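None of these values were measured; they are calculated from a predicted model. Only this structure's heavy atoms are used, side chains among them; waters, hydrogens and symmetry mates stay out.
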Amino acid sequence: MMTDRQRVLIVDDEPQIRRFLRISLVSQGFEVLEAATGAEGVSRALDEAPDLVLLDLGLPDMDGQTVLDALRSRSSVPVIVVSVRGHEAEKVQALDTGANDYVTKPFGIQELLARVRSLLRHHGTARDDPAALRYRRAGLVIDLGARRVSLDDAPVHLTPKEYAVLERLVRHAGRVVTQTQLLREVWGPTHAHDTHYLRIVVSRLRHKLGDDPQAPYLLQTEAGIGYRLLAEPDPPA
């Protein structure tokens, strides 16, 4: 039976976690698919084309990272890792190899649902026309198509590196972009570990865009991992 509801696939071997997530997602209007093993998760993701996958890393038949690798080899479906593993190295590995976001158990369901909605919204818009996106938050406007940034209607002058970092964060709004990814894409592969370059640029961006690192409204730091842009895109015209 066809449905217009967005579908979320939960890949987790704990029945109580699947039940909790299923009830929460259904209450928000989502259709829910479930898988208790990695093999079943890969099969259902490829065969039934969900709009988003919630993936646990501790699966009984294979590591969740293997599931993520299998999905990324054949699909661009958004993936949020939901795992008890909270070590920075594991988060960075998952994000660097294709996860769109990472939530550590235990988690607040409202935060998880907000990340699901944000990722689905951004993924759908970016798929249609990523270059034409315009992002707003408070008095800030970021127009990727025109390569223009303004704050309270006044133009914000950015250096090429500052704009390049901001552009990549805008294109992945709502999700974590790792330090390694930003350094490789903006400075090149030989600078993948030069995190001080990135810290300087992010500090300058915060200053120019009026963002307070102690109470950010725009750029959220994920300590030891990367940065998340909190801005939301304008609705399509």
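In this structure a side-chain-to-backbone donor-acceptor pair under 3.5 Å is missing from Arg7 to Phe30. In this structure, Arg137 contributes its side chain and Tyr217 its backbone to a donor-acceptor pair below 3.5 Å. Side chain of Asp12 to backbone of Ile17: no donor-acceptor contact under 3.5 angstrom is found. Here the side chain of Arg72 pairs a donor or acceptor atom with the backbone of Val77 at under 3.5 angstrom. Using a distance-only test at 3.5 Å, with no hydrogens or angles considered, no donor-acceptor pair links the side chain of Lys208 to the main chain of Val156. Judged by distance alone, the side chain of Glu40 and the main-chain N or O of Ala36 form a donor-acceptor pair under 3.5 Å.
In this structure, His207 places its NE2 atom where only 12 or fewer heavy-atom neighbours from other residues, nucleotides or ligands lie under 6.0 Å away. Residue Arg148 qualifies as open at atom CZ: its count of foreign heavy atoms under 6.0 Å is 12 or below. Counting non-hydrogen atoms of neighbouring residues, nucleotides and ligands closer than 6.0 angstrom, the CG atom of Asp153 reaches no more than 12 such neighbours.
Residue pairs meeting the salt bridge (charged side-chain N to carboxylate O under 4.0 Å, His left out) criterion with at least one member in residues 106-117, sequence neighbours excluded, are Asp101-Arg115, Glu111-Arg115. Applying the salt bridge (charged side-chain N to carboxylate O under 4.0 Å, His left out) rule to pairs touching residues 191-206 yields Arg206-Asp211, sequence neighbours excluded.
Cluster membership for Leu55 and Leu46, using ILVMFWY side-chain heavy atoms within less than 4.5 angstrom, is shared. Under the 4.5 Å side-chain heavy-atom criterion for Ile, Leu, Val, Met, Phe, Trp and Tyr, Val116 and Phe107 are members of the same hydrophobic cluster.
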Can you check salt bridge (charged side-chain N to carboxylate O under 4.0 Å, His left out) on Asp56 and Lys105, steps first, answer last? CA-CA 10 Å; Asp56 184 28; Lys105 297 178 182 177; 3.7 Å; yes
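Residues passing the side-chain contact (heavy atoms from CB on, under 4.5 Å) test with Ser43, sequence neighbours excluded: Asp47.
Taking 4.5 Å as the limit, some side-chain heavy atom of Val8 sits within range of a side-chain heavy atom of Leu54. Counting heavy atoms from C-beta outward, Thr104 and Val84 have side chains that stay 4.5 Å or more apart.
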